There are 2 protein chains.
Amino acid sequence: MTFQKSESAGYLTNHMARLFANGLQRRIQPLGLAPAQFMTLLELWDEDGLTQKQLLERLDVEQATMANTLRRMERDGWIVRRPHPDDGRAHQAWLTPKARAVRDAATDAADAQNGVALTDLSDEERATFLDLMRRVIHAMQVWEGKEAR
Amino acid sequence: MTFQKSESAGYLTNHMARLFANGLQRRIQPLGLAPAQFMTLLELWDEDGLTQKQLLERLDVEQATMANTLRRMERDGWIVRRPHPDDGRAHQAWLTPKARAVRDAATDAADAQNGVALTDLSDEERATFLDLMRRVIHAMQVWEGKEAR
DNA sequence: GTTTTTTACATAGCACGCTATATTAACAAG
DNA sequence: CTTGTTAATATAGCGTGCTATGTAAAAAAC
């Protein structure tokens with residue numbers, strides 16, 4: 001009858017996410033980079049000049065969260081924000097040379113942390129794990145969508 | 001070569017954890033309860049009168065994190081803190097009647113959120129998922145331990 | 001063409017995680 | 001018994017997430 005935390009997907013997910021974040025943070029902190037900034041850079045490395053709106057859609061965070069992350073990233077010299085040429089409300093985020101320079105080191109750090117986390121899993125188990133996570137994410141997103149009506 | 005976020009266990013974990021936290025938050029907010037407070041109550045429902053040190057060990061959070069959570073929980077009337085009878089440095093956290101009263105509603109909310117998240121998984125897949133998460137958590141904890149030396 | 005609504009962004013305020021540091025009590029050494 | 005160290009808690013400061021609200025530009029309605 002007692003709620004067993006070790007049987008709760010949410011509890012385990014929370015714990016796992018904190019361990020991931022701590023490990024990543026430790027690895028990228030020497031670069032002067034923070035986890036959410038790294039996550040945002042992943043998108044900009046893939047496509048530069050995105051607007052705040054585009055970024056928050058791709059990363060699935062709230063608008064205010066992205067606004068704050070972008071402000072810190074501009075402060076720390078990872079991006080510059082310039083007004084959008086066709087839309088007076090929007091701003092585009094552009095990578096600085098410093099941000100392009102740190103790409104390899106940062107993705108290596110993330111790869112290393114993933115490697116540590118998955119050490120005890122076989123290749124097949126790793127694939128299963130990613131698949132299950134994607135399906136769980138999808139289920140919650142769908143449900144959120146339903147809730148919105 | 002490009003870092004693929006949908007292939008990164010850490011990225012997916014972070015996303016999944018945010019969805020879990022948002023869902024749980026929405027469900028327990030009517031009770032006046034926040035996620036970390038719920039997590040802490042899980043321990044105290046199981047064993048009342050724990051010290052801050054015992055709680056942070058069981059929940060694997062930093063001491064300062066637990067100190068702040070306990071302060072908010074006392075402020076919100078979930079616990080009272082009294083000096084430990086045998087150790088002048090320590091305090092014990094004791095549940096209020098209000099905290100005992102909310103137990104069923106809160107665990108039901110957590111169960112419901114887990115249910116939504118796992119809708120698309122079979123019983124066997126759910127078991128596999130929990131098992132994989134436990135092993136990933138374990139791997140990162142072991143590695144952290146090694147790092148500490 | 002003016003008015004209304006929607007959209008993009010900013011800001012305030014809070015929870016919760018972290019590191020780093022201070023404080024005080026307990027314990028160990030001498 | 002005094003001194004030095006360890007252990008339990010508190011506090012400051014910050015990043016990242018959230019909700020709620022404000023503002024200005026764009027788009028839609030009329």
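In what follows, chains carry the letters A, B, and so on, assigned in the order in which the sequence lines appear, proteins first and then strands, with residues in each chain numbered from 1. In this text the structure is predicted, and so the values were computed from the model without any measurement.
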Asks: Please name the pair of heavy atoms, one in A/Met16 and one in B/Met140, separated by the smallest distance, quoted to 0.1 Å.
Replies: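 In terms of heavy atoms, the two residues are closest at O-CE, 3.7 Å.
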
Asks: Any salt bridge (charged side-chain N to carboxylate O under 4.0 Å, His left out) pairs touching residues 6-19 of chain B, not counting sequence neighbours?
Replies: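 Every salt bridge (charged side-chain N to carboxylate O under 4.0 Å, His left out) pair that includes a residue of residues 6-19 of chain B, provided the two are not neighbours, is A/Arg134-B/Glu7.
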
Asks: Classify every nucleotide of nucleotides 15-20 of chain C by which part a protein heavy atom approaches to under 4.0 Å, writing B for the base, S for the sugar-phosphate alone and - for neither, in 5'-to-3' order.
Replies: SBBBBB

Asks: Determine which pairs satisfy side-chain hydrogen bond (donor to acceptor under 3.5 Å, both in side chains) with at least one residue from residues 88-101 of chain A, sequence neighbours left out, and list them in order.
Replies: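 Every pair satisfying side-chain hydrogen bond (donor to acceptor under 3.5 Å, both in side chains) with a residue in residues 88-101 of chain A: A/Asp87-A/Arg89.
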
Asks: Under the 6.0 Å and 45° cation-pi test, does B/Arg27 pair with A/Trp143?
Replies: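 Cation-pi check for B/Arg27 and A/Trp143: passes.
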
Asks: Regarding A/His84, tell me which of base, sugar-phosphate or nothing describes its non-hydrogen contacts under 4.0 Å with the strands shown.
Replies: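 It contacts nothing in the nucleic acid.
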
Asks: What is the minimum heavy-atom distance between A/Leu12 and A/Ser6, and which atoms define it?
Replies: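 Smallest heavy-atom distance, with atoms named: CD1-O, 3.6 Å.
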
Asks: According to salt bridge (charged side-chain N to carboxylate O under 4.0 Å, His left out), who are the partners of B/Asp46, at least two apart in sequence or on a separate chain?
Replies: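 With sequence neighbours excluded, B/Asp46 shows a salt bridge (charged side-chain N to carboxylate O under 4.0 Å, His left out) to no residue whatsoever.
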
Asks: I'd like to check B/Thr107 versus B/Phe38 (side-chain heavy atoms, cut-off strictly below 4.5 Å). Are they in contact?
Replies: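 Result yes, sub-4.5 Å side-chain heavy-atom pair found.
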
Asks: Where does the chain A footprint on DNA chain D start and end, counting 5' to 3' with a 4.0 Å heavy-atom cut-off?
Replies: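 Span of nucleotides near chain A: D/dG15 to D/dA26.
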
Asks: Please list, pair by pair, any protein nitrogen or oxygen found under 3.5 Å from a nitrogen or oxygen in nucleotides 26-28 of chain C.
Replies:
| from | atom 1 | to | atom 2 | distance (Å) |
| --- | --- | --- | --- | --- |
| C/dA26 | OP1 | B/Gly88 | N | 2.9 |

Asks: Under the rule for side-chain contact (heavy atoms from CB on, under 4.5 Å), what residues qualify as partners of A/Ala17, not counting sequence neighbours?
Replies: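 Only B/Thr13, B/Ala17 meet the side-chain contact (heavy atoms from CB on, under 4.5 Å) criterion with A/Ala17.
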
Asks: If a pair satisfies salt bridge (charged side-chain N to carboxylate O under 4.0 Å, His left out) and one of its residues is in residues 118-128 of chain A, list it, with sequence neighbours excluded.
Replies: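 Every salt bridge (charged side-chain N to carboxylate O under 4.0 Å, His left out) pair that includes a residue of residues 118-128 of chain A, provided the two are not neighbours, is A/Glu125-B/Arg135.
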
Asks: side-chain hydrogen bond (donor to acceptor under 3.5 Å, both in side chains) with A/Asn114: which residues, sequence neighbours excluded?
Replies: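 Scan of A/Asn114 (side-chain hydrogen bond (donor to acceptor under 3.5 Å, both in side chains), adjacent residues dropped) gives B/Ser8.
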
Asks: Quick one: salt bridge (charged side-chain N to carboxylate O under 4.0 Å, His left out) partners of A/Glu57, sequence neighbours excluded?
Replies: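 By the salt bridge (charged side-chain N to carboxylate O under 4.0 Å, His left out) rule, A/Glu57 matches A/Lys53.
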
Asks: Which pairs with one or both residues in residues 71-80 of chain B pass salt bridge (charged side-chain N to carboxylate O under 4.0 Å, His left out), sequence neighbours excluded?
Replies: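 The answer is B/Glu74-B/Arg81.
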
Asks: Which angle, rounded to 10°, do you find between the first-five-pair axis and the last-five-pair axis of the helix from C/dG1-D/dC30 to C/dG30-D/dC1?
Replies: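 Result, rounded to 10 degrees: 0°.
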
